[in-house]
Amino acid sequence: MENLTFGEQVKIVLGRKNMTIKELAEIIEKRTGKKMSRQNLTQRLGRDNFQEQDMRMIASILECPFYLSILSTEQPMLDSKDEPKEVDMTIGELYQIHEELTELEKKATQKIEQTSSSTQKSTSKHDESEDFQPVVCRHDFEEDRELGDINPYTRREYQTNSVRMHPTRIGYVQVYDRKTHSWMDMTEWAFLGYQERKKQALGKEYEPPIYLD
(Lines give C-alpha, C1' and ligand atoms only; values in the text may rest on other atoms or scores of the structure.)
Protein backbone atom coordinates (compact mmCIF):
# COMPACT_ATOMS: atom_id res chain seq x y z
CA MET A 1 0.00 0.00 0.00
CA GLU A 2 2.97 2.32 0.36
CA ASN A 3 3.12 2.58 -3.44
CA LEU A 4 -0.43 3.96 -3.67
CA THR A 5 -1.01 7.64 -4.34
CA PHE A 6 -2.50 9.86 -1.65
CA GLY A 7 -5.81 9.94 -3.54
CA GLU A 8 -5.94 6.13 -3.73
CA GLN A 9 -5.22 5.82 0.00
CA VAL A 10 -7.96 8.33 0.84
CA LYS A 11 -10.49 6.25 -1.12
CA ILE A 12 -9.46 3.11 0.78
CA VAL A 13 -9.80 4.84 4.15
CA LEU A 14 -13.20 6.24 3.16
CA GLY A 15 -14.41 2.74 2.32
CA ARG A 16 -13.22 1.35 5.65
CA LYS A 17 -14.90 4.16 7.54
CA ASN A 18 -18.16 3.73 5.58
CA MET A 19 -17.81 7.36 4.53
CA THR A 20 -18.64 8.73 1.06
CA ILE A 21 -16.67 11.22 -1.04
CA LYS A 22 -19.67 13.54 -0.84
CA GLU A 23 -19.52 13.55 2.97
CA LEU A 24 -15.79 14.28 2.88
CA ALA A 25 -16.35 17.11 0.40
CA GLU A 26 -18.97 18.68 2.69
CA ILE A 27 -16.60 18.59 5.68
CA ILE A 28 -13.79 20.15 3.61
CA GLU A 29 -16.18 22.87 2.45
CA LYS A 30 -17.14 23.67 6.05
CA ARG A 31 -13.52 23.81 7.24
CA THR A 32 -12.17 25.90 4.38
CA GLY A 33 -15.20 28.00 3.53
CA LYS A 34 -14.55 27.21 -0.14
CA LYS A 35 -17.04 25.34 -2.30
CA MET A 36 -16.13 21.68 -2.81
CA SER A 37 -18.48 19.40 -4.77
CA ARG A 38 -18.39 15.61 -4.83
CA GLN A 39 -17.50 15.66 -8.53
CA ASN A 40 -14.62 18.08 -7.99
CA LEU A 41 -13.20 16.04 -5.11
CA THR A 42 -13.58 12.80 -7.11
CA GLN A 43 -11.59 14.29 -9.97
CA ARG A 44 -8.90 15.62 -7.65
CA LEU A 45 -8.58 12.21 -5.98
CA GLY A 46 -8.31 10.59 -9.42
CA ARG A 47 -5.58 13.02 -10.52
CA ASP A 48 -3.99 13.03 -7.06
CA ASN A 49 -4.00 16.83 -7.22
CA PHE A 50 -3.38 18.04 -3.64
CA GLN A 51 -1.09 20.48 -1.90
CA GLU A 52 0.56 19.39 1.34
CA GLN A 53 -1.74 21.55 3.47
CA ASP A 54 -4.79 19.93 1.81
CA MET A 55 -3.35 16.47 2.45
CA ARG A 56 -2.80 17.28 6.11
CA MET A 57 -6.37 18.57 6.46
CA ILE A 58 -7.88 15.46 4.84
CA ALA A 59 -5.73 13.17 7.00
CA SER A 60 -6.98 15.07 10.06
CA ILE A 61 -10.61 14.68 8.97
CA LEU A 62 -10.09 10.95 8.46
CA GLU A 63 -8.32 10.73 11.85
CA CYS A 64 -5.18 9.32 10.27
CA PRO A 65 -1.57 10.25 11.15
CA PHE A 66 0.06 12.18 8.33
CA TYR A 67 3.42 11.08 6.91
CA LEU A 68 2.83 12.38 3.36
CA SER A 69 1.38 8.87 3.00
CA ILE A 70 -1.48 8.25 5.43
CA LEU A 71 -1.08 4.46 5.27
CA SER A 72 2.73 4.46 5.42
CA THR A 73 4.67 2.76 8.22
CA GLU A 74 7.66 5.12 7.88
CA GLN A 75 8.57 7.68 10.53
CA PRO A 76 6.55 10.94 10.28
CA MET A 77 8.29 14.03 8.92
CA LEU A 78 6.82 16.15 11.73
CA ASP A 79 6.11 15.28 15.34
CA SER A 80 2.63 13.93 15.91
CA LYS A 81 0.74 13.00 19.05
CA ASP A 82 -1.20 10.37 17.13
CA GLU A 83 0.11 6.83 17.12
CA PRO A 84 -0.01 4.93 13.79
CA LYS A 85 -3.14 2.81 13.55
CA GLU A 86 -2.75 -0.77 12.42
CA VAL A 87 -4.99 -1.83 9.53
CA ASP A 88 -5.81 -5.53 9.38
CA MET A 89 -7.02 -7.31 6.23
CA THR A 90 -8.63 -10.72 6.23
CA ILE A 91 -7.54 -13.53 3.93
CA GLY A 92 -10.87 -13.17 2.16
CA GLU A 93 -10.21 -9.48 1.42
CA LEU A 94 -6.70 -10.24 0.12
CA TYR A 95 -8.05 -13.02 -2.09
CA GLN A 96 -10.77 -10.71 -3.46
CA ILE A 97 -8.16 -8.05 -4.33
CA HIS A 98 -6.01 -10.71 -6.04
CA GLU A 99 -8.99 -11.91 -8.11
CA GLU A 100 -9.96 -8.36 -9.10
CA LEU A 101 -6.43 -7.46 -10.21
CA THR A 102 -6.11 -10.70 -12.21
CA GLU A 103 -9.36 -9.97 -14.03
CA LEU A 104 -8.34 -6.37 -14.67
CA GLU A 105 -4.99 -7.47 -16.10
CA LYS A 106 -6.78 -9.80 -18.54
CA LYS A 107 -9.08 -7.00 -19.71
CA ALA A 108 -6.18 -4.55 -19.98
CA THR A 109 -4.26 -7.02 -22.17
CA GLN A 110 -7.27 -7.47 -24.46
CA LYS A 111 -7.73 -3.70 -24.73
CA ILE A 112 -4.04 -3.19 -25.60
CA GLU A 113 -4.22 -5.85 -28.31
CA GLN A 114 -7.36 -4.27 -29.78
CA THR A 115 -5.80 -0.79 -29.74
CA SER A 116 -2.58 -2.06 -31.33
CA SER A 117 -4.51 -3.83 -34.11
CA SER A 118 -6.63 -0.74 -34.84
CA THR A 119 -3.55 1.50 -34.94
CA GLN A 120 -1.71 -0.81 -37.36
CA LYS A 121 -4.72 -0.88 -39.73
CA SER A 122 -5.03 2.90 -39.64
CA THR A 123 -1.30 3.42 -40.28
CA SER A 124 -1.22 0.99 -43.23
CA LYS A 125 -3.72 3.16 -45.12
CA HIS A 126 -1.26 6.07 -45.36
CA ASP A 127 2.04 6.45 -47.25
CA GLU A 128 5.03 6.23 -44.95
CA SER A 129 7.27 9.30 -44.67
CA GLU A 130 9.73 10.75 -42.18
CA ASP A 131 7.47 13.63 -41.17
CA PHE A 132 4.30 11.54 -40.82
CA GLN A 133 3.03 11.17 -37.26
CA PRO A 134 0.01 8.86 -36.93
CA VAL A 135 -2.91 10.33 -35.02
CA VAL A 136 -4.60 7.86 -32.70
CA CYS A 137 -8.31 8.65 -32.38
CA ARG A 138 -10.67 7.37 -29.71
CA HIS A 139 -11.90 3.95 -30.79
CA ASP A 140 -15.08 2.59 -29.25
CA PHE A 141 -17.54 -0.17 -29.98
CA GLU A 142 -20.55 0.68 -32.12
CA GLU A 143 -23.41 2.41 -30.36
CA ASP A 144 -26.57 0.39 -29.65
CA ARG A 145 -29.45 2.49 -28.34
CA GLU A 146 -31.71 -0.51 -27.81
CA LEU A 147 -29.40 -2.75 -25.79
CA GLY A 148 -27.22 -0.02 -24.28
CA ASP A 149 -27.80 2.49 -21.48
CA ILE A 150 -28.59 5.96 -22.83
CA ASN A 151 -27.11 9.15 -21.35
CA PRO A 152 -30.16 11.39 -20.68
CA TYR A 153 -28.12 14.53 -21.41
CA THR A 154 -26.67 13.50 -24.78
CA ARG A 155 -29.36 10.94 -25.73
CA ARG A 156 -26.52 8.70 -26.91
CA GLU A 157 -25.22 5.46 -25.45
CA TYR A 158 -22.61 5.99 -22.74
CA GLN A 159 -19.05 5.73 -24.01
CA THR A 160 -16.72 2.97 -22.88
CA ASN A 161 -14.78 3.88 -19.73
CA SER A 162 -17.48 6.24 -18.48
CA VAL A 163 -17.39 6.00 -14.68
CA ARG A 164 -19.83 6.99 -11.97
CA MET A 165 -20.18 6.46 -8.23
CA HIS A 166 -22.06 3.27 -7.34
CA PRO A 167 -25.60 4.20 -6.22
CA THR A 168 -25.73 1.71 -3.34
CA ARG A 169 -22.30 0.18 -2.62
CA ILE A 170 -19.88 2.33 -0.65
CA GLY A 171 -16.34 2.33 -2.03
CA TYR A 172 -17.47 1.08 -5.44
CA VAL A 173 -17.84 2.69 -8.87
CA GLN A 174 -19.63 1.60 -12.01
CA VAL A 175 -17.71 1.53 -15.31
CA TYR A 176 -19.52 1.37 -18.66
CA ASP A 177 -18.46 -0.95 -21.48
CA ARG A 178 -20.03 -0.65 -24.94
CA LYS A 179 -18.80 -4.12 -25.81
CA THR A 180 -21.33 -5.60 -23.38
CA HIS A 181 -23.59 -2.49 -23.34
CA SER A 182 -23.71 -2.61 -19.56
CA TRP A 183 -22.18 -1.25 -16.33
CA MET A 184 -19.56 -3.20 -14.39
CA ASP A 185 -19.15 -2.85 -10.61
CA MET A 186 -15.60 -2.27 -9.42
CA THR A 187 -13.99 -1.08 -6.20
CA GLU A 188 -12.60 2.44 -6.47
CA TRP A 189 -9.14 1.15 -5.54
CA ALA A 190 -9.22 -1.56 -8.22
CA PHE A 191 -10.46 0.96 -10.81
CA LEU A 192 -7.61 3.36 -10.04
CA GLY A 193 -5.10 0.50 -10.22
CA TYR A 194 -6.55 -0.55 -13.58
CA GLN A 195 -6.24 2.99 -14.95
CA GLU A 196 -2.62 3.22 -13.76
CA ARG A 197 -1.77 -0.03 -15.56
CA LYS A 198 -3.44 1.25 -18.75
CA LYS A 199 -1.52 4.52 -18.51
CA GLN A 200 1.81 2.70 -18.22
CA ALA A 201 0.98 0.22 -20.97
CA LEU A 202 -0.52 2.65 -23.53
CA GLY A 203 1.68 5.68 -22.89
CA LYS A 204 0.62 8.61 -25.09
CA GLU A 205 -2.31 6.57 -26.41
CA TYR A 206 -3.85 6.38 -22.94
CA GLU A 207 -7.27 8.03 -22.73
CA PRO A 208 -8.49 9.03 -19.24
CA PRO A 209 -11.88 7.86 -17.97
CA ILE A 210 -15.00 9.97 -18.46
CA TYR A 211 -16.17 11.00 -14.99
CA LEU A 212 -19.93 11.50 -14.72
CA ASP A 213 -21.86 13.58 -12.18
Side-chain angles (χ1 to χ4, degrees), residues 1-101 103-104 163-175 183-200 208-213:
M1 292 207 181
E2 294 179 8
N3 294 327
L4 297 177
T5 65
F6 178 80
E8 291 170 339
Q9 295 180 64
V10 169
K11 288 176 177 288
I12 293 174
V13 175
L14 286 174
R16 291 174 179 169
K17 290 181 175 289
N18 292 324
M19 185 176 180
T20 65
I21 293 179
K22 181 180 180 181
E23 291 172 338
L24 177 58
E26 291 174 349
I27 297 175
I28 293 174
E29 186 172 321
K30 289 180 180 179
R31 287 202 179 187
T32 62
K34 298 179 181 179
K35 188 173 182 180
M36 174 65 69
S37 66
R38 178 193 61 78
Q39 181 184 12
N40 181 260
L41 182 56
T42 298
Q43 292 176 345
R44 291 187 65 184
L45 289 171
R47 296 193 302 265
D48 200 41
N49 182 20
F50 294 97
Q51 296 181 353
E52 182 178 337
Q53 60 184 12
D54 297 330
M55 296 166 69
R56 291 184 180 278
M57 176 182 62
I58 292 175
S60 175
I61 293 173
L62 297 177
E63 299 180 343
C64 293
F66 180 74
Y67 312 135
L68 287 180
S69 175
I70 61 176
L71 296 182
S72 174
T73 56
E74 298 176 359
Q75 292 297 322
M77 295 183 65
L78 297 178
D79 293 336
S80 172
K81 296 181 180 179
D82 297 325
E83 292 295 332
K85 298 180 180 180
E86 295 184 357
V87 179
D88 296 328
M89 296 186 70
T90 65
I91 295 177
E93 289 174 330
L94 291 172
Y95 180 77
Q96 181 182 0
I97 291 173
H98 171 73
E99 290 294 302
E100 290 173 347
L101 291 178
E103 183 64 25
L104 288 172
V163 59
R164 67 187 183 187
M165 298 299 296
H166 198 287
T168 57
R169 304 178 71 184
I170 296 175
Y172 278 74
V173 296
Q174 291 184 319
V175 185
W183 295 93
M184 176 177 64
D185 290 358
M186 186 181 297
T187 64
E188 291 181 307
W189 180 63
F191 173 74
L192 292 171
Y194 173 45
Q195 291 301 319
E196 187 62 31
R197 283 193 178 91
K198 283 181 60 180
K199 186 184 300 183
Q200 294 177 0
I210 303 170
Y211 289 99
L212 305 175
D213 292 337

Legend entry - Side-chain heavy atoms of R44 within contact of D54, under 4.5 Å: yes
Legend entry - Distance-minimising heavy-atom pair for V173 and E188: CG1-CG, 3.5 Å
Inset, instruction - Verify, without hydrogens or angle tests, whether E29 (side chain) and M36 (backbone) share a donor-acceptor contact under 3.5 angstrom. - result: yes
Inset, instruction - Kindly indicate, with the supporting measurements, whether the criterion side chain to side chain contact (heavy atoms under 4.5 Å, CB included) is fulfilled by M19 and I27. - result: CA-CA 11 Å; M19 185 176 180; I27 297 175; 3.4 Å; yes
Inset, instruction - Might you point out which heavy atoms bring M186 and M184 nearest each other, and give the distance in Å? - result: CE-CE, 3.2 Å
Inset, instruction - Please report the shortest heavy-atom distance between Y211 and G46, naming the atom on each side. - result: OH-CA, 4.1 Å
Inset, instruction - Heavy atoms only: give me the nearest E23-N18 pair and the separation to one decimal. - result: OE1-O, 4.3 Å
Legend entry - Heavy-atom check, side chain of M165 versus side chain of K22, under 4.5 Å: no
Inset, instruction - Determine the minimum heavy-atom distance between T20 and L14, stating which atoms define it. - result: O-CD2, 4.2 Å
Inset, instruction - Enter the distance from L41:CG to I21:CD1 here, rounded to the nearest 0.5 Å. - result: 6.0 Å
Inset, instruction - Compare all side-chain heavy atoms of Q9 with those of C64 and state whether any distance is below 4.5 angstrom. - result: no
Legend entry - By side-chain contact (heavy atoms from CB on, under 4.5 Å) - contacts of L192 (at least two apart): E8, K11
Legend entry - Residue pair M57 / R31: nearest heavy atoms and the distance that separates them: O-NH1, 4.1 Å
Legend entry - Basic-acidic side-chain contact under 4.0 Å: E52, R56: yes
Legend entry - Distance, nearest 0.5 Å, that separates CH2 of W183 from CD of Q174: 7.0 Å
Inset, instruction - Starting from the C-alpha separation in whole Å, work towards a yes-or-no answer on side chain to side chain contact (heavy atoms under 4.5 Å, CB included) for I58 and F6. - result: CA-CA 10 Å; I58 292 175; F6 178 80; 4.1 Å; yes
Legend entry - Side chain proximity check, P208 to R47, heavy atoms < 4.5 angstrom: no
